[in-house]
Amino acid sequence: MNTDTTEPSAVPQAEDVLQLVDPAGTLNEQAAADMLDVTDELVRGLYRDMVLGRRFDQEAYSLQRQGELGLWLMSLGQEAAQAGSIRALRADDRVFPSYREHVAALCRGVSPTELLSQWRGASHGSWDPERYSFHIYSLVLATQTLHAVGYAMGVRYDAVDSVVLTYFGDGASSQGDANEALNWAAVTSAPIVFFCQNNGWAISTPAGKQYARPLSARARGFGLDAVSVDGNDVLAVHAATQHVVQRVRAGGAPGFIEAHTYRMSGHSTSDDPKRYRDQAELARWEAHDPLERVRLLLTARGWADDDYFAAVASDAEELAARTRRECRALPEPSLSDTFRTTLCEETESLRREREGFETFKESFL
C-alpha cells in the first residue's frame with residue numbers, strides 16, 4: 001500500500017491507495033509480489049490495449065470535429081483504469097458501462113463501427129450485449145448501476161459463478177440511482193463489482209465540491225467491500241480488480257473499486273474545460289500519464305525494444321484508418337426512423353407525426 005498517491009489536486013481520498021508502479025515507471029517489487037504475477041507478457045499486453053484505445057479515442061474526436069459524429073465523450077487519461085480492470089474479468093462476466101468505456105469495449109471485441117454508430121445517430125445501441133457480455137452504453141447518469149444489480153441478482157438465482165461489473169464516474173456517484181444500487185447490492189449480496197473511475201470532475205464540478213469523504217468510505221457504509229487504487233497505474237488496477245472479483249466470485253460481499261484518475265480532455269466535444277480548470281492542473285496530471293508510466297517500466301525492465309513500440313504504434317495507426325473507414329461507411333441518420341423506433345411498435349399517433357414530418361420535409365426541400 002502507498003499512502004502518497006501523488007495526486008496533484010485536492011480530492012477526498014482514502015488513507016491507503018494501492019499503487020504498484022509510480023509515475024517514473026518504477027515497480028514496487030514487494031507490493032507487486034503480494035498481489036500480482038507481473039510478467040513481461042502481461043505488461044506488454046496491457047500497454048498495447050491502452051495505446052490502441054487512446055488512438056481510437058483520438059480518431060473519434062477528430063471525426064466529430066470533421067462533422068462525421070454528432071458528439072463524442074473522450075477517454076483520454078483513463079486508459080489504465082479501463083484496460084487494467086476489464087482484463088481482470090472472465091469472458092462470461094457481464095459488464096455494464098456508462099458512455100466513456102471505449103478502451104474496455106475494444107478489449108471486449110466491440111468494433112469501431114459498433115462503437116461509433118450511436119454517436120453518429122445511426123442507432124440507439126449498436127452492438128449485441130449477449131455477444132460480448134458487454135451492455136450497450138447508458139447516457140443517463142447511473143442508470144446502468146441499477147441495471148447491473150438486477151442482472152447480478154439473476155446471476156445469483158441462476159447459481160452460476162460469473163460476476164457483474166459496472167463502470168461509472170464520480171459525478172454519477174451523486175445520483176440517487178447509484179446510491180440505491182449500492183444499497184440494494186449489499187442487501188441482496190449480489191455478485192457485483194462497482195468500478196468508479198474518479199476522474200476529478202463531474203463536467204465542471206470538481207470532486208471536492210461533490211462529496212466530503214472518499215467514495216470508497218461511502219461504499220463501506222453501505223456494506224460493500226471497498227478498495228481505493230491509483231487509477232493511472234494499470235498494474236495496480238489489474239491486481240485490485242482481480243482480488244475484488246475473486247472475493248465476490250467466492251461468495252463475498254459486493255465489491256467497490258475507486259480508481260483515482262484524471263480526465264485529460266473535456267467532458268465531451270461540447271465542453272471547454274479551460275473555462276473551469278487551469279492549465280497548471282492539467283500539466284501536473286500529464287506528468288502522471290498512464291501510458292508513459294508503462295512505457296518507462298517496459299524499457300527499464302528490458303521487456304520491450306524499439307521494434308515492439310514501433311509495431312504497437314503501427315497497429316494503432318491501422319486501427320485509426322479502420323475507424324475512419326467504418327465511420328464514413330455508416331448510414332446517415334434518418335429522423336423518420338426515430339418515429340418508428342421510439343417504441344417497440346409504432347403507435348398511430350407516432351405514425352401520423354412521422355407522415356406529417358415527411359410531408360413537411362419533402363415540401364421544404
Side-chain angles (χ1 to χ4, degrees), residues 9 11-14 71-82 85-86 94-105 118-119 125 129 134-152 164-186 190 192-224 226-229 231 237 241 244 254-271 273 276-277:
S9 58
V11 177
Q13 290 192 12
L71 183 71
W72 184 248
L73 287 100
M74 295 77 75
S75 58
L76 180 64
Q78 298 180 216
E79 297 88 357
Q82 295 185 28
S85 56
I86 197 75
R94 188 73 166 223
V95 178
F96 285 78
S98 57
Y99 46 66
R100 202 186 299 276
E101 279 69 61
H102 318 312
V103 180
Q118 183 178 24
W119 304 104
F134 193 89
H135 202 64
I136 58 175
Y137 279 172
S138 175
L139 304 188
V140 180
L141 287 183
T143 56
Q144 76 278 7
T145 59
L146 282 173
H147 303 158
V149 172
Y151 193 93
V164 176
L165 184 142
T166 182
Y167 290 102
F168 63 107
D170 51 291
S173 73
S174 298
Q175 296 290 319
D177 282 6
N179 290 276
E180 291 172 16
L182 294 173
N183 184 62
W184 196 240
I192 184 171
V193 175
F194 295 87
F195 193 96
C196 178
Q197 295 177 86
N198 187 342
N199 63 25
W201 292 90
I203 306 183
S204 59
T205 303
K209 293 186 177 180
Q210 296 179 62
Y211 47 86
R213 295 287 297 154
L215 297 179
S216 54
R218 182 192 301 176
R220 292 190 190 96
F222 280 105
L224 275 67
V227 299
S228 189
V229 62
V237 172
T241 308
V244 172
F256 185 101
I257 300 171
E258 182 180 9
H260 296 278
T261 182
Y262 192 76
R263 168 169 55 78
M264 292 201 289
S265 58
H267 172 74
S268 74
T269 48
S270 295
D271 175 43
Y276 54 82
R277 68 185 189 192

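Every heavy atom of this structure was used, including side-chain atoms; hydrogens, water molecules and symmetry mates were not.
- Distance CG/Asp177 to CG/Leu141: 9.5 Å, rounded to 0.5 Å.
- Residues Asp271 and Pro273 share a closest heavy-atom pair of O-CD, 3.5 Å.
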Before you tell me yes or no, could you show the steps for Asn198 and Tyr211 under side chain to side chain donor-acceptor pair (under 3.5 Å), namely the whole-Å CA-CA distance, both residues' side-chain angles and the distance that decides it to 0.1 Å?
CA-CA 12 Å; Asn198 187 342; Tyr211 47 86; 2.6 Å; yes

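- Remark: aromatic rings of Phe195 and Tyr167 are close, center separation under 6.0 Å.
- Taking all atoms of both residues into account, the shortest heavy-atom contact from Arg100 to Tyr137 is C-OH, 4.3 Å.
- Residues Arg263 and Arg277 are in side-chain contact: their nearest non-hydrogen atoms beyond the backbone lie under 4.5 Å apart.
- Judged purely by distance below 3.5 Å, without hydrogens or angles, the side chains of Glu101 and Gln197 pair a donor atom with an acceptor atom.
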Passes side-chain contact (heavy atoms from CB on, under 4.5 Å), Thr205 versus Gln210? Steps please.
CA-CA 7 Å; Thr205 303; Gln210 296 179 62; 3.9 Å; yes

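- Put simply, the side chain of Phe256 does not reach to within 4.5 Å of the side chain of Val193, judged on heavy atoms.
- Considering all non-hydrogen atoms of both residues, Ala226 and Ser216 come closest at CB-O, 3.4 Å.
- Asp170 is listed as a side-chain neighbour of Leu215, based on a closest heavy-atom distance under 4.5 Å.
- Taking the six-membered ring for Trp and the full ring otherwise, the centers of Tyr151 and Phe96 sit less than 6.0 Å from each other.
- If you check the side chains of His147 and Ser138, you find no donor sitting under 3.5 Å from an acceptor.
- Ring orientation note: the planes of Tyr276 and Trp201 are tilted relative to one another, at an angle of 30° to 60°.
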